[in-house]
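The next block holds one structure in the form of structure tokens; read it before the comments.
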Amino acid sequence: MDIKVLGTGCTNCKNTIALIDQVAKAKGVTITLEKVEELRDIMGYGVMSTPGVVINGKVVHAGGVPTREKIDQWLTA
Amino acid sequence: MLEEAKQVCPTTTRRLVGEGALLVDVRETAEVARTAFDVPAIVNIPLSELEQRWNELPRDREIVLVCETGERSLKATYYLQFHGFQRVSNMQDGLLKWMRKGFPVIGERYDAPTASASACCGGAAPQKTSTGCC
């Protein structure tokens, strides 16, 4: 599962990455987790509110840190 | 991959407006009430409303996005490019540079950025009491 976190590096973005990493490890799910920090690249997904989360090329979340429950749902493939 | 956004200076912006371009000011209403760009063709669509209102904008006319520092307007420029607009440019350094050059404004002239205006983490300029990022 390819996961990208879109954001320019602020606290919410860092927390989102940490939380996704944590949930993936707890579930034993293998993911590639990547930060997308350049504005031009972030806007390529049309995401205005960051943090944004993109899974296998699809935007699944935008704005604020996602809840643990939501992340769990994404990782339950 | 989006094209690199076109960046224009205030002087070029004035020329473009003279040639029929539309200025799109993405600052919040309160900011515009304090100080507005004094140009004949301008609309105010706050960044926080752009996702709902972008299709009010013309595709067949040059558009120059503006804000206080050029940061929020750059985001808005890329957003419009994402929606297929090709005739969009960002005015670098924003209202602050516009005022430094003595270009016309309606309202208060000032020279320091307002602390609450930021493009970070979401569309609206965050309130001063926000515990959000940055």
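Throughout, a chain's letter reflects where its sequence line sits, starting with A, and its residues are numbered from 1. Keep in mind the model is a prediction, meaning the values are calculated, not measured.
A search for salt bridge (Lys or Arg N to Asp or Glu O under 4.0 Å) contacts involving A:Asp72 returns A:Lys27, not counting sequence neighbours. Scored by the salt bridge (Lys or Arg N to Asp or Glu O under 4.0 Å) test, B:Glu49 finds B:Arg53 as partners (sequence neighbours excluded).
Hydrophobic cluster membership is shared by A:Leu19 and A:Trp74, with clusters built from Ile, Leu, Val, Met, Phe, Trp and Tyr side chains linked at under 4.5 angstrom. Tracing side-chain contacts under 4.5 Å through hydrophobic residues (I, L, V, M, F, W, Y), one reaches B:Phe37 starting from B:Val17; they form part of the same cluster. Under a hydrophobic-cluster definition in which Ile, Leu, Val, Met, Phe, Trp and Tyr are linked whenever side-chain heavy atoms come within less than 4.5 Å, directly or via other members, B:Val43 and B:Val64 are assigned to different clusters. Each of B:Val66 and B:Leu74 belongs to its own hydrophobic cluster when Ile, Leu, Val, Met, Phe, Trp and Tyr are linked at side-chain heavy-atom distances under 4.5 angstrom. No chain of hydrophobic side-chain contacts below 4.5 Å, direct or via other Ile, Leu, Val, Met, Phe, Trp or Tyr residues, connects B:Ile106 to B:Met99.
Counting heavy atoms of neighbouring residues, nucleotides and ligands inside a 6.0 Å radius, atom CD of A:Glu37 exceeds 12 of them. Within a 6.0 Å sphere centred on CG of B:Asn55, other residues, nucleotides and ligands contribute more than 12 heavy atoms. More than 12 heavy atoms of other residues, nucleotides or ligands lie within 6.0 Å of NZ in A:Lys70, so this atom counts as buried by the packing criterion.
Residues of residues 1-14 of chain B lying under 4.5 angstrom from chain A, judged on non-hydrogen atoms, are B:Met1, B:Leu2, B:Glu3, B:Glu4 in numerical order. Using a 4.5 Å cut-off between non-hydrogen atoms, the part of residues 78-96 of chain B that approaches chain A consists of B:Tyr78, B:Tyr79, B:Phe82.
Between the side chain of B:Lys75 and the backbone N or O of A:Met48, at least one donor-acceptor pair lies under 3.5 Å.
Residue A:Asp41 touches chain B through its side chain alone, counting heavy-atom pairs closer than 4.5 Å.
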